[in-house]
Structure formats: structure tokens, C-alpha cells
**Student:** 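This is the structure I want to talk about, given as C-alpha cells.
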Amino acid sequence: MAELEKDCLFCKIIRGEVPSYTVFENNDVKAFLDISQVTKGHTLIIPKKHLVNFFDYSQEDAARFLQYIPLVAQAIKKSDPTIKGMNVEVNNGEIAGQVVMHSHIHLIPRRGENDPISTPHVNNADKYSEDDYQAVANAIKNNL
Ligand code: AMP
Ligand code: ZN
């Protein structure tokens, strides 16, 4: 796998050194559950090339990596009939709320007006067991 960085958390996820709940993967991108689950089904799509954020992207990178956003968004929506909409969000740079410095696109399902806002991210990790995460990931995977 080319162009990965040794100490980057998301490069470690790509290499399998840090576990994740994968929903989609090919040679170019990986999509996995965001551990914080701002809302249920909250997923990240990341390029397998270590790009810090959109300021790092060539047009070719954009075409190659961003084309998967609708595919994964549609699978998430199909995985749960209570999902009515979805925010697709990207934080570019620390000042914009970026914490992990490997480009990632947030897909955050919206079910109702009381859903938590997404930036800064609420952390619901204490509400999910490993089985819960796996069930959410499987439901999405089954719709891809
Ligand atoms: P950002 O603020 O846009 O950089 O978002 C970083 C996101 O990465 C946050 O929503 C975190 O919950 C998420 N995150 C951090 N570590 C992990 C991990 N090991 N697995 C999945 N998501 C993670
Ligand atoms: Zn990286």
C-alpha cells in the first residue's frame, strides 16, 4: 500500500494496525464507522493515500477518492428507514475543527430535528457495545 504514514491514526486503520468497523473498502478508499457515532450510522470515508485535507488534493485525487461519497451515502440511507437525510461534512484544518490530520469525509445521518449538531462532535461511544457497532456496520455493508 503506497503513501501511508507511520504514525497517522487513519493510516494505521488502513494497515489494520488499529481496528475499525469497515463498511466499504477497495484499492482507493476505506469507509468505516466513526467511533463517536454523532448519530447512528455516522461513517467516515478516507482515501488510502495519506492526504492531510482538501488543501492537499489534486483534481485527480478528488475524482479518484470523492466519487465514492454517494455510493456509501446511499447504502447508509438504505440501511435504516428512519434516516431522512444526511450531512456530508469535511473539516479542513485545525481552525475548522479537524482533529485527525488524514483527510476524511463525515457522513452523518439525520432522522429528526433533535439530532445533535456535528461540530464540535458529540461522542456517543459510551452508548455503543462492540456488537452494536458491528450491527450498524453490517446493515450498511448489506446495502452496498
Ligand atoms: P475531525 O474532527 O473532522 O478530524 O474528525 C475526526 C473524527 O475521527 C472524529 O469524529 C472521531 O470520532 C473520529 N475517530 C477518532 N479515532 C477514531 C477511530 N479509532 N475509529 C473511528 N473513528 C475515529
Ligand atoms: Zn494517514
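Basis for what follows: all heavy atoms, side chains included, without hydrogens, waters or symmetry-related copies. Here, residue 1 is the first one in the sequence, and each next residue gets the next number. In each ligand, atom 1 is the first atom listed, and ligand 1 is the first ligand listed.
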**Student:** So, Gln98 side chain and Gly93 main chain: donor-acceptor pair closer than 3.5 Å or not?
**Tutor:** yes
**Student:** Between Ile13, Val122, Asp34, flag the one that comes closest to atom 9 (C) of ligand 1 by a heavy atom.
**Tutor:** Asp34
**Student:** What atoms in ligand 1 come closer than 4.0 Å to a heavy atom of Leu9?
**Tutor:** 16 (N)
**Student:** Indicate, as side chain, backbone, both or neither, the part of His104 found under 4.0 angstrom from ligand 1 when only non-hydrogen atoms are considered.
**Tutor:** side chain
**Student:** Do NZ/NE/NH1/NH2 and the carboxylate oxygens of Arg64 and Asp28 come within less than 4.0 Å?
**Tutor:** yes
**Student:** Aromatic contact between Tyr128 and Tyr133, with the criterion being ring centroids under 6.0 Å apart: yes or no?
**Tutor:** yes
**Student:** For ligand 1, which atoms, with element, lie under 4.0 Å from some heavy atom of Val99?
**Tutor:** 1 (P), 2 (O), 4 (O)
**Student:** How close do Gln37 and His42 get, heavy atom to heavy atom, and via which atoms?
**Tutor:** NE2-O, 2.8 Å
**Student:** Under 4.0 Å from any heavy atom of His106, which atoms of ligand 1 are there?
**Tutor:** 1 (P), 3 (O), 5 (O), 7 (C), 10 (O)
**Student:** In ligand 1, which numbered atoms sit nearer than 4.0 Å to a non-hydrogen atom of Asn91?
**Tutor:** 1 (P), 2 (O), 3 (O)
**Student:** What atoms of ligand 1 come within less than 4.0 Å of a heavy atom belonging to Gln98?
**Tutor:** 4 (O)
**Student:** Between the Zn ion (ligand 2) and His50, which N, O or S atom of the residue is the nearest one?
**Tutor:** ND1
**Student:** To the nearest 0.1 Å, how far is atom 17 (C) of ligand 1 from its closest protein heavy atom, and which atom is that?
**Tutor:** Ile35 CG2, 3.9 Å
**Student:** Is the closest basic N to carboxylate O distance between Asp80 and Arg111 below 4.0 Å?
**Tutor:** yes
**Student:** Taking non-hydrogen atoms only, is Phe10 closer than 4.0 angstrom to ligand 1 via side chain, backbone, both or neither?
**Tutor:** side chain
**Student:** Can you list the atoms of ligand 1 that are under 4.0 Å from a heavy atom of Leu33?
**Tutor:** 21 (C)
**Student:** About how large, to 10 degrees, is the angle SG of Cys11, then the Zn ion (ligand 2), then SG of Cys8?
**Tutor:** 120°
**Student:** With a 4.0 Å cut-off on heavy atoms, is Gly97 in contact with ligand 1?
**Tutor:** yes
**Student:** Ser36 heavy atoms, cut-off 4.0 Å: which ligand 1 atoms fall inside?
**Tutor:** 10 (O), 12 (O)
**Student:** When the aromatic ring centroids of His106 and His104 are compared, is their separation below 6.0 Å?
**Tutor:** yes
**Student:** Any chance the side chains of Asp34 and Ser36 put a donor and an acceptor closer than 3.5 Å?
**Tutor:** yes
**Student:** Sub-3.5 Å donor-acceptor pair from the side chain of Glu25 to the main-chain atoms of Val29, do we have one?
**Tutor:** no
**Student:** Closest to the Zn ion (ligand 2), which N/O/S atom of His102 is it?
**Tutor:** ND1
**Student:** Can you check whether Gly41's main-chain N or O pairs, donor with acceptor, with Thr43's side chain at less than 3.5 Å?
**Tutor:** yes
**Student:** So with a 6.0 Å cut-off around CD of Glu60, is the heavy-atom count from everything else above 12?
**Tutor:** no
